[in-house]
**Q** 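For reference, the structure I am asking about is given below.
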There are 2 protein chains.
Amino acid sequence: MAGRRGDTRERIQRVALELFVEQGYEKTSLREIAERLGVTKAALYYHFRTKEDIVHSLVADLSAALDELLEWAGERPRAREEVLRRFAALVDQRFGPVMEFVQQNMPAMRELGLKHTLGEKLAELFQLICADDEDPATQLRARLALVALILGANPMFSSGRVAPPPRDVALEVALELAVPRRSGGSAT
Amino acid sequence: MAGRRGDTRERIQRVALELFVEQGYEKTSLREIAERLGVTKAALYYHFRTKEDIVHSLVADLSAALDELLEWAGERPRAREEVLRRFAALVDQRFGPVMEFVQQNMPAMRELGLKHTLGEKLAELFQLICADDEDPATQLRARLALVALILGANPMFSSGRVAPPPRDVALEVALELAVPRRSGGSAT
DNA sequence: GTCTATAAGTGGATAGAC
DNA sequence: GTCTATCCACTTATAGAC
């Protein structure tokens with residue numbers, strides 16, 4: 001770790017996300033973020049106008065990635081399986097911590113208007129893997145497919161003695177939930 | 001202990017839970033609770049020693065109900081279906097708001113030591129419907145069965161355009177996930 | 001049981017020097 | 001870009017009157 005100055009903005013984002021996940025958004029003060037970074041509060045305000053702006057910048061990346069996936073899928077109506085695969089990849093590889101933060105701090109997301117935004121995108125994603133006119137049980141299974149993929153980031157179901165499911169297992173179960181098997185269907 | 005000290009204590013609990021669900025735990029001040037109740041902050045402190053005590057009293061009821069279910073099930077190793085039914089009844093009938101509060105305010109639960117407590121009970125419940133030595137996919141399906149039942153209380157998956165599943169559908173899907181079908185499965 | 005008044009502290013945010 | 005110093009709204013919690 002040499003003196004890498006110039007990337008302070010990204011360092012703030014990284015440390016803030018760390019603390020938000022550890023302690024929650026409300027309990028994390030700008031003083032703590034500044035301390036862990038080795039700067040003062042005032043320095044933070046040079047890079048971000050408000051505390052809320054830090055969160056916005058964090059979620060914007062996730063939001064953009066979801067938009068990209070939605071756009072990609074919009075042109076390929078039959079790519080249900082691949083949509084799930086790519087969603088799983090997003091959650092596992094780059095946005096795991098952000099997803100965890102979002103899920104664990106819903107009241108803050110709501111107040112910042114981010115719950116609605118992300119909720120809409122999730123709803124669109126849901127519609128891609130399950131038609132509106134499917135029966136309720138099929139719709140619920142499709143929703144659970146998405147839950148299976150983000151369960152590792154869910155606080156209630158990946159804590160204590162219960163470990164998060166391995167990636168490949170999550171994907172396998174998600175596929176069987178969202179892609180109803182046909183009698184000669186392709187297996188994974 | 002027994003005996004009636006007026007219903008103010010219960011009114012505080014009710015209003016506090018209301019506001020905690022609306023705004024989140026951290027954003028809800030004792031002043032707001034007092035105002036909505038038509039009393040002053042100081043009156044609150046007559047009934048509860050701290051803000052945290054209010055939460056403890058709220059979660060204690062849920063905790064006791066889960067203990068009761070666990071005890072009941074402990075004596076009936078084969079009652080997997082009935083366990084799920086009773087869990088669903090708890091979530092739907094009496095503890096829906098508390099469950100929502102708990103799920104939406106994980107950082108607060110963690111800080112109050114309640115996340116661990118509830119997590120342990122959930123883990124025990126999980127073990128009741130799925131043996132430890134089952135394969136990972138079966139375990140994940142069992143976990144999703146529980147998720148299906150509390151999805152109505154989950155902020156990420158019951159918002160905006162996506163309505164919570166009807167409870168009978170949730171139970172149906174939960175049963176098919178946690179209780180592997182034998183030949184000729186029964187519908188509804 | 002409920003009130004008024006206040007203590008004691010923390011938070012986010014700003015101004016202006018360097 | 002980062003600092004020191006400060007402001008002020010608001011919080012939990014307590015003391016003591018009625």
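Chain identifiers are assigned alphabetically (A, B, ...) following the order of the sequence lines, protein sequences preceding nucleic acid strands; residue numbering begins at 1 within each chain.
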**Q** Can you name the side-chain contact (heavy atoms from CB on, under 4.5 Å) partners of A:K51, sequence neighbours left out?
**A**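 If we apply the side-chain contact (heavy atoms from CB on, under 4.5 Å) test to A:K51, skipping adjacent residues, the hits are A:F20, A:Y25, A:L30.
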
**Q** Please state whether the phosphate of C:dT2, meaning OP1 or OP2, lies under 4.0 angstrom from any side-chain nitrogen or oxygen of B:Y46.
**A**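 No, no such contact exists.
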
**Q** Test of understanding: with ring pair (Phe, Tyr, Trp, His ring centres under 6.0 Å), list the residues that count as partners of B:F87, not counting sequence neighbours.
**A**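 Partners of B:F87 by the ring pair (Phe, Tyr, Trp, His ring centres under 6.0 Å) criterion come out as none, since no residue qualifies.
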
**Q** Return the minimal non-hydrogen interatomic distance between A:K121 and A:L70, and the atom names on each side.
**A**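 Between these two residues, the closest heavy atoms are O-CD1, 4.0 Å.
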
**Q** Could you give the CZ-to-P distance, from B:F48 to C:dG1, as a whole number of Å?
**A**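 Distance check: B:F48 CZ to C:dG1 P gives 13 Å.
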
**Q** Is B:T8 near enough to C:dG1 that one of its side-chain N or O atoms lies under 4.0 angstrom from OP1 or OP2?
**A**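 It does not, given that no N or O in the side chain of B:T8 lies less than 4.0 Å from OP1 or OP2 of C:dG1.
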
**Q** How close or far is atom P of D:dT12 from atom CD1 of B:I12, stated in whole angstroms?
**A**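 Interatomic distance, CD1 of B:I12 to P of D:dT12: 14 Å.
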
**Q** Report the distance from atom CG of B:L19 to atom P of D:dT11, rounded to the nearest whole Å.
**A**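 These atoms are roughly 12 Å apart.
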
**Q** Using side-chain contact (heavy atoms from CB on, under 4.5 Å) as the criterion, list what pairs up with B:E120, not counting sequence neighbours.
**A**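 So B:E120 forms a side-chain contact (heavy atoms from CB on, under 4.5 Å) with A:R161, B:H116.
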
**Q** Could you note down all residue pairs passing ring-ring contact (aromatic ring centres under 6.0 Å, His included) where residues 31-63 of chain A supplies at least one of them, sequence neighbours left out?
**A**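 Counting only pairs at least two positions apart or across chains, no ring-ring contact (aromatic ring centres under 6.0 Å, His included) contact touches residues 31-63 of chain A.
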
**Q** Can you check each nucleotide of nucleotides 3-17 of chain C against protein heavy atoms at under 4.0 Å and return B for base, S for sugar-phosphate only, - for none, in 5' to 3' order?
**A** BB------SBBBB--

**Q** Test of understanding: with side-chain hydrogen bond (donor to acceptor under 3.5 Å, both in side chains), list the residues that count as partners of B:R31, not counting sequence neighbours.
**A**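 By the side-chain hydrogen bond (donor to acceptor under 3.5 Å, both in side chains) rule, B:R31 matches B:E35.
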
